[in-house]
Amino acid sequence: MKKIKPIKYFKNSDEINEVLDTLEAEYPDAGCALHHDSIFHLLLAVVLSAQTTDASVNTVTPELFSTYHEPADLSAADINDVEDIIKKLGLYKNKAKNLVGIGKLLCSEYDGVVPQDFTELQKLPGVGRKTANVVLSVGFGEQHIAVDTHVFRVTNRIGLVDEDDVLKTERSLMEIIPKHRWSHMHHVFIFHGRRCCTARKPKCESCCIADKCKYNQK
């Protein structure tokens, strides 16, 4: 059995895989909750999802996507028009600026095509590590772990990792989770965080991994 760093709650890869298997079985429908019909629209949706819920994003993207089919459409957009479409969302003014900036940069630097490159994606306005990881995973089918608030909370709480920031959490998860499971487990952790392992008052009494979880054992 593969040994892992002693600071981790779980002692070996068998124990870790048992937790992953149990969570996967609990959430067979785990996947991207953001509605999209292209990689470009996925990118926009993920940028909009910062500090708001996927469900809220899904209420504004139908009009956004029907109005701006391609980067060229968004590149020529009036920021005020974009603001009007997404004004239900928090930070909508800054997000509208980022969306138009994405359209302009994709047209000027990438021939209107979303780049399949982690570094290049992060050159786009409003795109950080999490967004780049999601786009490469969901849009391009690569294996990535995107650490959002749910993934950070769940994986540290249950004891898979013991880190104090999202980057360290991402790197530690990449170390202990088999690569072929990265993308799916990202969604599984999110589902568990939304449905059971909530920030306040986690539902430990009905949790499928309660007998294995570090938090519950306390």
Side-chain angles (χ1 to χ4, degrees), residues 1-34 46-47 49-54 117-119 121-122 126-218:
M1 293 181 291
K2 178 183 176 182
K3 296 292 184 181
I4 57 178
K5 292 179 180 179
I7 61 170
K8 307 296 192 302
Y9 176 68
F10 298 99
K11 300 179 179 64
N12 54 60
S13 58
D14 286 347
E15 291 187 3
I16 291 172
N17 284 323
E18 184 178 357
V19 170
L20 303 184
D21 291 344
T22 303
L23 287 171
E24 278 191 321
E26 183 74 6
Y27 306 104
D29 58 336
C32 181
L34 291 168
V46 181
V47 170
S49 70
Q51 298 186 46
T52 192
T53 65
D54 290 353
D117 183 89
F118 188 74
T119 300
L121 279 169
Q122 291 186 87
V127 177
R129 290 188 66 87
K130 188 202 80 170
T131 298
N133 277 323
V134 172
V135 171
L136 291 172
S137 172
V138 177
F140 291 101
E142 297 182 3
Q143 290 293 333
H144 290 266
I145 295 178
V147 179
D148 67 355
T149 182
H150 297 295
V151 176
F152 178 78
R153 179 181 68 255
V154 168
T155 58
N156 279 279
R157 179 184 278 172
I158 67 180
L160 283 176
V161 297
D162 183 14
E163 306 294 359
D164 56 9
D165 64 43
V166 294
L167 180 56
K168 291 177 182 177
T169 297
E170 178 187 332
R171 288 174 174 169
S172 289
L173 289 173
M174 290 170 66
E175 176 187 341
I176 66 171
I177 297 175
K179 186 173 183 178
H180 70 276
R181 305 185 76 165
W182 287 356
S183 292
H184 190 236
M185 288 312 305
H186 154 74
H187 295 300
V188 169
F189 292 140
I190 290 175
F191 271 49
H192 190 57
R194 287 173 177 164
R195 299 181 182 182
C196 181
C197 196
T198 50
R200 296 181 180 180
K201 298 182 179 179
K203 303 176 180 66
C204 298
E205 69 281 356
S206 59
C207 178
C208 63
I209 57 169
D211 61 329
K212 305 176 182 69
C213 173
K214 179 179 74 171
Y215 179 85
N216 190 54
Q217 297 309 309
K218 290 181 179 179

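This chain uses plain numbering: 1 for the first residue, then up along the sequence. These figures come from a predicted structure and were not determined experimentally.
For the side chain to side chain contact (heavy atoms under 4.5 Å, CB included) test with I176, the passing option among N12, L160, L20 is L160; the others fail. Partner of N156 under the side chain to side chain donor-acceptor pair (under 3.5 Å) criterion, chosen from D162, D164, T169: T169.
Two residues are said to be in side-chain contact when any heavy atoms from C-beta on lie closer than 4.5 Å; H192 and E26 fail this criterion. Between E175 and V161, every side-chain heavy-atom pair lies at or beyond the 4.5 Å cut-off. When side chains are defined from C-beta on, R129 does not count as touching V166, because their heavy atoms never get closer than 4.5 Å. Residues I158 and Y215 are not in side-chain contact: their nearest non-hydrogen atoms beyond the backbone lie 4.5 Å or more apart. Residues C197 and I209 have side chains not in contact (no heavy-atom distance under 4.5 Å, counting atoms from C-beta outward). With contacts defined as side-chain heavy-atom distances shorter than 4.5 Å, the pair E24/M185 qualifies.
Between H150 and I190, the closest heavy-atom pair is CB-CA, 4.0 Å. Across all non-hydrogen atoms, the minimal contact from C204 to N216 is CB-OD1, 3.5 Å. For I177 against R181, the heavy-atom pair with the smallest separation is CG2-CB, 3.9 Å. Across all their heavy atoms, V147 and K130 have their closest contact at O-CG, 4.0 Å. Contact detail for K203 and T198: the closest heavy-atom pair is NZ-CG2, 4.0 Å. Of all non-hydrogen atoms in F189 and L23, the two that sit nearest each other are CE2-CD1, 4.0 Å.
Listed for the R157 side chain is a donor-acceptor partner under 3.5 Å among the backbone atoms of A199. With R153 contributing its side chain and G193 its backbone, the two residues share a donor-acceptor pair below 3.5 Å. Proximity of a side-chain donor or acceptor of Q143 to a complementary backbone N or O of W182 within less than 3.5 Å is detected. Checked by atom type and distance alone, the side chain of S183 never pairs as donor or acceptor with a backbone atom of G141 at under 3.5 Å. Judged by distance alone, the side chain of S137 and the main-chain N or O of V134 form no donor-acceptor pair under 3.5 Å. Between the side chain of H186 and the main chain of A146, a donor-acceptor pair closer than 3.5 Å is present.
Rounding to the nearest 0.5 Å places CD of E142 at 4.5 Å from CG of L136. Here the CD1 atom belonging to I16 is positioned 11.5 Å from the CG atom belonging to D21, to the nearest 0.5 angstrom.
Here D29 pairs with R195 under the salt bridge (Lys or Arg N to Asp or Glu O under 4.0 Å) rule; sequence neighbours left out. Residues passing the salt bridge (Lys or Arg N to Asp or Glu O under 4.0 Å) test with D54 are R194, sequence neighbours excluded.
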Quick one: do L173 and V151 satisfy side chain to side chain contact (heavy atoms under 4.5 Å, CB included)? Show the steps, please. CA-CA 10 Å; L173 289 173; V151 176; 3.9 Å; yes
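Using the six-membered ring where Trp is involved, F118 and H144 have ring planes that are parallel, under 30° apart on the 30 and 60° scheme.
Other residues, nucleotides and ligands place no more than 12 heavy atoms under 6.0 Å from the CD atom of Q51.
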